[in-house]
Amino acid sequence: MQREEKQLDAALEALLQRINDLKTSIRTLLFRLENEYASLSWPSFLDSYAVISGQMNTLLKVMKNDKTPLLRNLIVLPLVLSPDPDEELKQATEGRVVAFSHDITPDMLRTKPDPDVEQRQNQFEQRASQVPPETAQKQINALNKVVNHVLEQITHSREDWENEATVRAAAAQTCVMADTHTLIAAVGLGKNLKTLPIAAPAQPGPGRAQAGPAPGKTTSTIKTTIKAASQVHPYNR
Amino acid sequence: MAGNQNPISAIDMLTSALRSNIIPNQEYLLQGSVIDSSAEVLHNRLRGLCDAAETGPETFHDHEMCFSLKASSPGGTPQQQQSFLLRVRRALDHPEYPWQLRYLGQPELGEKNQPTVLRSCIDIACTPNVVEFLSELGCRIEFEYVLKGYLFRKGRMKVTMSKIFRMGQAKSPDSLEAMTGSYLVELSLLAPSGQDAVADEIKVFAEQLRPLVHLEKIDYRRLQSYS
Amino acid sequence: MGVIVLQLFAVPEGKSGPQVIDILTKRVTSLGGVLSGSFMVDCETYTSVASLGATRSVHLLHNSETPASVFALLEAASGNKTVALVADNLFDLLMLKLSNFYQAKKQTKIESRGPRFEAGDFLVKLGSVTMGPTFKGILVEVEYQACSLPAACWDLIREFMQGFLGGCVPSTPPQYIQNRFGDMLGPIDGINQYLEQFNAFRKTTGIR
């Protein structure tokens, strides 16, 4: 019993938070509509809608949460109704509800939708039940086809746009990655540039394979190479 | 030449300079390449973007040799050898210029948000007997090549377009063969370590050279595995 | 560029290094020398580690007269050749990076420092040589800046030196100069002589 009460409290807290957030964003949207209607652009309006939709999502998630007890099984029952202004109530509702009286209670605690909304909903249900099942099925299939068709068109256009961009880049190719790699490997590691020992046959091929003789051979090569280099250069300080 | 009132030893000056982090010993680098047919276009674009547009870029024709110093450990297995690479570069078109001795550390590519390759770099000008010096020091020559190209400057940044040539067997400058049909483009800046704002400068400049050439961080050690 | 000659001045019995410097200073100023600051030449030696093969030594010298340069003298493994490299100050940094291969022997750091005088075209430096805290001797450097050819100016230099150093100056030039009597000399030759003298100082215990 205790646990359930605690859970209920926690759930109510969460719900209250979410609803407050929702209320704030709706209020901001209304404010913007009233005051900035001249400078408002459709995309920014849609953004605010997106915020509200996100918040509704979170609200629904909280309600579906496992920790929340089944709110369906609980009812809100007014215990005392009085026409006198209640200070605490006023503060809690930010001055909107002054007294918990008989006329506002039906509005505050109702569970059915608005009367006109209810009427329209009944109308729709009537029309839907009047349609025979085959026509209904046909209509559903037609709708599915149309939606898929539109989806296809969108994906095709997107692919075309992407291809266009890559084709443009390929046509103006000014660098070859393979060359980049070769050059950088050559400068950094000496790939394909190893000095070949003079004893080995002169081939500018895979120098790495041939340039790995015994250290003795290499040192003699170095002396000859270095001597040649120092002779070439006139400055001998 | 007037002498100093109280000369500080060079080692002390160096240590204090190191401590106050004013020695430019880090290189921030981006590399790429451009094929020969588009090299002219890149050259013109760089002329427009860089300093000294009227006098034109400097050309260089250098010969670079790479030496390594290896100490074999008593165990003797090659993996335990510590290798130390030093590069010597001389200007073939200006034999009177001093030669350049360069130490390059391992390149660090860092995270994705690090815009450039970072490697420690020490550039030292020296007399031409450096090759003899290095070989007596115990270094052996690993490889060499000739570079010919253009050098551009923008502020502290240096952009080079170089064509790499393999040395012919006869070691004369005539028997040169180009390695690839592209110019190697390098964008670099030398600064003391820790000045990461310069990396962003480099990145911004590199963006201006797209799509002609894509300058990016390339780890050449990984390239060793490609054939 | 000029001809640099180094002369060892033996410290007489009973006198200390600073006293000798004072005496020499008086003599130089009476010859017309004007004090213009001080100088320092120092030398640090790095030896190769055993895993590099035969032992080689690199001597790194700095001269306050050429503050932007570092002189690296490498003694070849075979022992009969020295390669002298002149490089930028950052070469010191490179030697530090090579510490895995070449290690400095701190105890052998040797330097010569003292006052510097200008007397017309001559530059006279009276150096007290110290190795760590120990005083090793007096080394006098004389540079004749107007000429780079020893053959043309040795006599003039000798006469000038005998003027304030007295009889210790030999009438024949030092071996190093003799070997290059007809060549154009430069800063590196002064440094080579300093290395010779420093090596001699290192080998002797006590004061030379």
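Throughout, protein chains are lettered first and strands after them, A, B, ... in sequence-line order, and every chain is numbered starting at 1.
Proximity to chain B is absent for every atom of C:Glu111, based on heavy atoms less than 4.5 angstrom apart. Looking at C:Val41, neither its backbone nor its side chain comes within 4.5 Å of chain B, counting heavy atoms on both sides. With a 4.5 angstrom heavy-atom cutoff, B:Leu86 touches chain C only via side-chain atoms.
Salt bridge annotation for C:Arg56-B:Glu136: absent, with no cationic side-chain nitrogen under 4.0 angstrom from a carboxylate oxygen.
At distances below 3.5 Å, at least one donor-acceptor pair connects side-chain atoms of C:Tyr102 with backbone N or O atoms of B:Leu137. Using modelled atom types, one side-chain atom of B:Asn129 and one backbone atom of C:Ala84 make a donor-acceptor pair closer than 3.5 Å.
Contact between B:Ile124 and C:Phe91 at its shortest, heavy atoms only, is CD1-CA, 3.5 Å. Between C:Leu74 and B:Phe133, the shortest heavy-atom distance links the atoms CD2-O, 3.1 Å. A pairwise comparison of heavy atoms in B:Tyr103 and C:Lys97 identifies CE2-CD, 3.3 Å as the closest pair.
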Under 3.5 Å, side-chain donor or acceptor atoms of residues 152-160 of chain B against the rest of the protein: list the pairs with distances, not counting sequence neighbours.
unit_1   : atom_1 : unit_2  : atom_2 : d
B:Lys154 : NZ     : B:Leu49 : O      : 3.2

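If you take CG on C:Asn100 and CZ on B:Phe84, they are separated by 8.5 Å, rounding to the nearest 0.5 Å.
Around atom NZ of B:Lys148, no more than 12 heavy atoms belonging to other residues, nucleotides or ligands sit under 6.0 Å away. No more than 12 heavy atoms of other residues, nucleotides or ligands sit less than 6.0 Å from atom OH of B:Tyr97.
Between chain B and the options C:Leu96, C:Leu94, C:Leu90, C:Leu85, heavy-atom pairs under 4.5 Å are most frequent for C:Leu85.
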